[in-house]
Amino acid sequence: MTGRIFAPSLVVTLVALVVAYLYLGWTGVALCAILGVLEVSLSFDNAVINATILERMSAFWQRMFLTVGVLIAVFGMRLLFPLLIVWITGNLNPAEALDLAMNPPPEGQTHFADGQPSYETILTEAHPQIAAFGGMFLLLLFLNFVLTERPQTWLTWLERPLATLGKLDQLAVVLASLALVLTAEFLAPDEVRATVLIAGILGMVTYITVDGLSSLFMADPDGADPDGAEAQQAGRARPGPHPVTAATGKAGFFLFLYLELLDASFSFDGVIGAFAITSDPIIIALGLGFIGAMFVRSITIYLVRKGTLGEYRYLEHGAHWAIGALAAILLISIEVEINEVVTGLVGVAFIGASLASSIRANRREARAAHPDRLAV
């Protein structure tokens, strides 16, 4: 099964590298491969969160996300989104934005001879509002997780007190709002302070709206699986969530939309960070989109099909703490430049630590269940 899950990603990677070679030779291949590795390292926590949400969706909406959703991720966020930012902030039409991207100034200059900023410069200057939007979206996701009481905790000494505090109504929104105000006051340059505030508020509003609508329709009878009761009576087992709770209809649509917004928020740092490696939009699309996004898709499928989230009980916790760290990094990066390697390592560290904790917990349970067996 593992081979079938990752085979499409390997094929797409090979094709992307061939295209990169035809486009820029071995330099293109190297840049494309580096960007692919960067995207996977930055987005492993994204795959874990995707898997937790996909388990709540019906088979139809799972397929929609893993097909249409991936196309949106590849072409929308990794190719069209940077062009859209340059188009809007640079007062250019789409054709001019594309021409600017394909024809940068000579010798890596930030501006052309006539004073016009380069594609990379325009996108970099838009980083504060991009980081504010994505940072606040992810921060609310993290806060809503850690402020909710759960039967199982990972960092118990911290998660249980936070869950107790979370009984205060709307505490996540209060803390996120406070974080946004402090970010705008102490981290945002004066000339973009208002823009950062507006972008951050929009990020919060987007999260609250989509999360609220998906929760609303999950409780709506129209969002229930019409075949769920029959499947339950017949004793048929289906992978993923219980048939009765699988989101279909409007609930499935809003979870699909929620996942797309999550992918967008996760991809902000990768898209911006890619410009430290190359400003060529074709290479960025090939590396981040075709290679990176496809492998994130495969990892997501693997986690769902293998039931890894159930087997490794703390993996979801580690992914959410990684999200909290990424949200903080995005907000801090409004003022301080943070290397993408640091961002990737922080996420990998949380995921790795939660995975190790899960393995130790499983071994303890196995020893307790079979005390007569000697540990190997």
Side-chain angles (χ1 to χ4, degrees), residues 1-20 29 32-79 238-241 252 255-256 258-267 269-271 274 283-312 315-316 318-320 322-323 326 340 343-345 347-348 350-352 354-355 358:
M1 178 184 287
T2 302
R4 291 198 301 271
I5 291 173
F6 285 93
S9 297
L10 293 173
V11 171
V12 170
T13 296
L14 180 61
V15 172
L17 292 176
V18 170
V19 173
V29 172
C32 190
I34 291 171
L35 289 174
V37 173
L38 171 69
E39 178 70 3
V40 174
S41 65
L42 289 174
S43 299
F44 192 84
D45 46 357
N46 188 8
V48 176
I49 298 301
N50 286 349
T52 65
I53 298 172
L54 277 176
E55 286 184 338
R56 297 161 52 194
M57 300 169 72
S58 66
F60 169 78
W61 283 108
Q62 287 184 4
R63 288 193 299 271
M64 285 293 290
F65 175 73
L66 295 172
T67 52
V68 177
V70 169
L71 290 176
I72 295 173
V74 171
F75 294 104
M77 286 308 303
R78 276 73 175 184
L79 179 61
R238 288 194 288 183
L255 282 179
F256 172 82
Y258 183 52
L259 278 172
E260 289 303 311
L261 289 168
L262 269 180
D263 178 76
S265 298
F266 273 105
S267 67
D269 59 330
V271 171
I283 295 297
I284 290 176
L286 289 171
L288 296 186
F290 285 92
I291 297 179
M294 281 298 296
F295 267 101
V296 171
R297 172 189 181 275
S298 293
I299 295 170
T300 300
I301 296 173
Y302 179 85
L303 293 174
V304 173
R305 300 275 173 82
K306 290 288 187 177
T308 304
L309 296 176
E311 182 180 355
Y312 300 107
L315 202 55
E316 183 180 2
H320 278 90
I323 286 172
L326 176 58
E340 289 68 37
T343 305
L345 289 177
V348 170
F350 276 111
I351 296 293
S354 62
L355 179 62
S358 301

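- With sequence neighbours excluded, the residues that form a side-chain contact (heavy atoms from CB on, under 4.5 Å) with L66 are L54, R297, I301.
- Applying the side-chain contact (heavy atoms from CB on, under 4.5 Å) rule to S354 yields the partners W154, Y314, L315; only residues at least two apart in sequence or on another chain are considered.
- When all heavy atoms of A47 and I299 are compared, the closest pair comes out as CB-CG2, 3.7 Å.
- Rounded to the nearest 0.5 Å, atoms CD1 (I5) and NZ (K306) are 6.5 Å apart.
- With sequence neighbours left out, the ring pair (Phe, Tyr, Trp, His ring centres under 6.0 Å) criterion links F65 to no other residue.
- To the nearest 0.5 Å, the span separating CZ on F290 from CD1 on I284 amounts to 13.5 Å.
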Yes or no on side chain to side chain contact (heavy atoms under 4.5 Å, CB included) for L255 and W61, after CA distance, side-chain angles and deciding distance?
-> CA-CA 9 Å; L255 282 179; W61 283 108; over 6 Å; no
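- For the atom pair CG (L345) and CZ (F350), the distance works out to 12.5 Å, reported to the nearest 0.5 Å.
- Once rounded to the nearest 0.5 Å, the distance linking CZ of R305 with CZ of R4 reads 9.0 Å.
- Checked against side-chain contact (heavy atoms from CB on, under 4.5 Å), L10 has the following partners two or more places apart in sequence or in another chain: F295.
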Before giving the answer on side chain to side chain contact (heavy atoms under 4.5 Å, CB included), spell out for M294 and T13 the whole-Å C-alpha distance, their side-chain angles and the decisive distance to 0.1 Å.
-> CA-CA 8 Å; M294 281 298 296; T13 296; 6.0 Å; no
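- In this structure, CD1 in I283 is found 5.5 Å from SG in C32, a value given to the nearest 0.5 Å.
- Partners of V348 under the side-chain contact (heavy atoms from CB on, under 4.5 Å) rule, at least two apart in sequence or in another chain, do not exist in this structure.
- Partners of S298 under the side chain to side chain donor-acceptor pair (under 3.5 Å) rule, at least two apart in sequence or in another chain, are S9.
- For the pair L309 and V304, the minimum side-chain heavy-atom distance is 4.5 Å or more.
- Separating the OG1 atom in T300 from the CD atom in Q62 is a distance of 11.0 Å, to the nearest 0.5 Å.
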Could you walk me through whether L259 and M57 pass the side chain to side chain contact (heavy atoms under 4.5 Å, CB included) test, one step at a time?
-> CA-CA 11 Å; L259 278 172; M57 300 169 72; 3.7 Å; yes
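- Looking only at side-chain heavy atoms (C-beta outward), I291 and L35 stay at 4.5 Å or farther from each other.
- When every heavy atom of A319 is checked against every heavy atom of I49, the shortest pair comes out as CB-CD1, 3.8 Å.
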